[in-house]
Amino acid sequence: MADTGSGWDGRGGRGRRGARDTRGARAADARPDGRVAAPDRRVAVPGRLVAPPDSRVAAPGRRAAPPGRRVAAVSLVALAALATGCEPGTATGAPEASPPVRPTQAAAPSPTRTAAVTEDAKPRTAPPPSPSASTAPPAPAPTTARPAPEPSTAPPPRVLMRTGSESDRVRELQARLRQIGHFGRNPTGYYGSVTADAVRSFQAKRSLPVTGSTDEVTWQRLLAMTRVPKAAELRPPTERPLAAPDERCLKGRVLCISKNSRTLAWMKDGKVVSAMDVRFGSEYTPTREGVFEVFWKSRDHVSTLYDTPMPYALFFSGGQAVHYSADFAANGYGGASHGCVNVRDKKKVAALFDQVRTGDKVVVYW
């Protein structure tokens with residue numbers, strides 16, 4: 001359909017009637033104020049034909065549109081351009097423009113949405129951590145569990161001496177322990193509780209297994225720290241000084257026993273042959289005092305009343321006798337007998353047993 005108000009009859013601008021009249025164009029473009037209007041750039045309107053750029057001059061024989069209608073037509077064209085959104089890229093000179101495509105809501109970019117990031121355009125630096133992540137303590141580093149140590153398959157060291165042992169090696173053990181301050185007595189040759197405690201003390205100080213028994217490791221460590229004991233260290237004289245003998249002890253063969261000095265002196269005609277430490281019965285089973293004589297000798301005697309060994313027994317009053325005591329050798333004066341006269345030096349009492357005869361005198365006094 002031809003636009004009757006535009007000065008174009010809808011026919012092509014070719015031939016004599018379509019020749020450009022520059023004078024008519026200038027007259028038609030003239031504004032009332034005397035200024036020349038800019039060339040009219042027309043935009044395609046849906047459903048209408050757009051005049052080519054070279055057809056803006058009115059055809060010969062027709063009058064140009066009055067300025068009022070011209071302005072109205074221009075305003076109408078401007079309103080139509082605003083309604084279409086002024087899409088760019090419309091081809092000029094086309095016989096009919098295709099209707100503009102209205103943008104959809106999905107195609108419109110969101111004000112807050114950012115462009116998609118492809119794999120090749122990933123940011124090189126990681127985004128800053130969130131406030132909660134920055135204040136959180138760092139995760140502890142994973143720890144590797146240590147394997148449990150495998151139990152040792154080595155056999156324990158061989159035990160050389162233990163409680164109840166009795167030998168010259170035990171005597172040497174005691175003498176060596178005494179050299180370094182772990183055994184405070186004279187050696188007896190018997191491994192009792194006192195010796196076991198001394199061995200425990202030595203083992204604990206040297207970071208050895210504390211057993212109280214002398215194994216090969218303990219013995220070798222002790223040998224490395226001490227010297228060979230002398231004869232006087234292995235078999236010292238009695239620790240306690242002898243008391244002045246009772247006058248009843250000055251004649252004949254006498255076992256002179258002093259409760260005051262806690263010593264026994266084997267005497268012949270007022271001369272001391274040998275001496276040894278002894279202990280007596282408690283206040284509940286006291287050793288009887290007086291003058292007696294040996295009436296029975298029993299080398300390997302065992303008490304029928306207390307079921308305890310009484311080796312080298314020299315009986316002088318009922319069930320009371322002079323004999324060796326392993327308890328006395330081990331525990332010293334911390335205990336007491338049941339009335340007998342205990343000797344802790346086994347070798348000395350064994351020699352005494354061999355020398356004393358039945359009928360020899362026994363004197364017990366204070």
Side-chain angles (χ1 to χ4, degrees), residues 158-206 208 210-242 257-258 261-266 272-280 299-300 308-313 322-337 340-355:
R158 184 169 61 96
V159 175
L160 304 178
M161 293 167 277
R162 56 166 54 93
T163 301
S165 301
E166 189 172 5
S167 65
D168 285 342
R169 181 181 272 187
V170 174
R171 187 181 295 274
E172 182 182 356
L173 168 70
Q174 294 167 338
R176 288 179 180 271
L177 288 171
R178 185 171 183 174
Q179 289 178 12
I180 55 178
H182 288 279
F183 190 76
R185 305 170 184 267
N186 282 337
T188 62
Y190 179 78
Y191 204 120
S193 61
V194 173
T195 305
D197 289 342
V199 171
R200 289 189 189 96
S201 174
F202 174 79
Q203 290 171 332
K205 190 169 184 180
R206 271 70 191 179
L208 299 173
V210 181
T211 61
S213 298
T214 304
D215 53 36
E216 290 178 331
V217 175
T218 302
W219 179 243
Q220 291 301 323
R221 182 71 65 86
L222 181 62
L223 292 180
M225 297 181 62
T226 56
R227 56 177 172 77
V228 178
K230 298 178 180 179
E233 293 176 300
L234 292 173
R235 290 177 173 82
T238 178
E239 291 183 350
R240 309 186 68 86
L242 290 172
I257 302 170
S258 169
S261 65
R262 293 189 288 188
T263 57
L264 182 154
W266 168 233
V272 177
V273 177
S274 64
M276 57 202 74
D277 298 331
V278 292
R279 75 176 182 180
F280 306 97
R299 183 178 295 273
D300 299 313
T308 56
M310 297 172 56
Y312 308 110
V322 175
H323 68 85
Y324 169 75
S325 170
D327 182 75
F328 181 31
N331 300 313
Y333 291 98
S337 72
C340 291
V341 179
N342 292 160
V343 180
R344 61 182 175 185
D345 192 322
K346 192 174 185 179
K347 198 162 194 179
K348 285 185 176 181
V349 75
L352 178 68
F353 182 86
D354 290 338
Q355 296 176 33

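In this structure R206 satisfies the salt bridge (Lys or Arg N to Asp or Glu O under 4.0 Å) test with no other residue, sequence neighbours excluded. Annotation: side-chain hydrogen bond (donor to acceptor under 3.5 Å, both in side chains) contacts of R171 (sequence neighbours excluded): none. Among residues two or more places apart in sequence or in another chain, the ring-ring contact (aromatic ring centres under 6.0 Å, His included) test is passed with F353 by Y312. Take R299 and apply the salt bridge (Lys or Arg N to Asp or Glu O under 4.0 Å) test, not counting sequence neighbours, and it matches D354. In this structure, the side-chain hydrogen bond (donor to acceptor under 3.5 Å, both in side chains) partners of Q355, at least two apart in sequence or on a different chain, are W266. Legend: residues meeting side-chain contact (heavy atoms from CB on, under 4.5 Å) with R169, ordered by chain and number and at least two apart, are L160, M161, S167, W219. The side-chain hydrogen bond (donor to acceptor under 3.5 Å, both in side chains) search around T163 returns none, not counting sequence neighbours. Take V322 and apply the side-chain contact (heavy atoms from CB on, under 4.5 Å) test, not counting sequence neighbours, and it matches I257, L264, L314, F316, V341, V343. Under the ring-ring contact (aromatic ring centres under 6.0 Å, His included) criterion, Y324 pairs with no residue, sequence neighbours left out. Applying the side-chain hydrogen bond (donor to acceptor under 3.5 Å, both in side chains) test to S274 and every residue at least two apart in sequence or in another chain returns nothing.
For the pair R344 (side chain) and S325 (backbone), a donor-acceptor distance under 3.5 Å is absent.
A ring pair (Phe, Tyr, Trp, His ring centres under 6.0 Å) check over residues 174-198, counting only residues at least two apart or in different chains, returns the pairs H182-F202. Every pair passing salt bridge (charged side-chain N to carboxylate O under 4.0 Å, His left out) that includes a residue from residues 213-228 is listed here, sequence neighbours excluded: R158-E216, R227-E233.
The CD atom of Q179 sits 9.5 Å away from the NZ atom of K230 when rounded to the nearest 0.5 Å.
In this structure, D327 pairs ionically with R279, as a charged nitrogen and a carboxylate oxygen lie closer than 4.0 Å.
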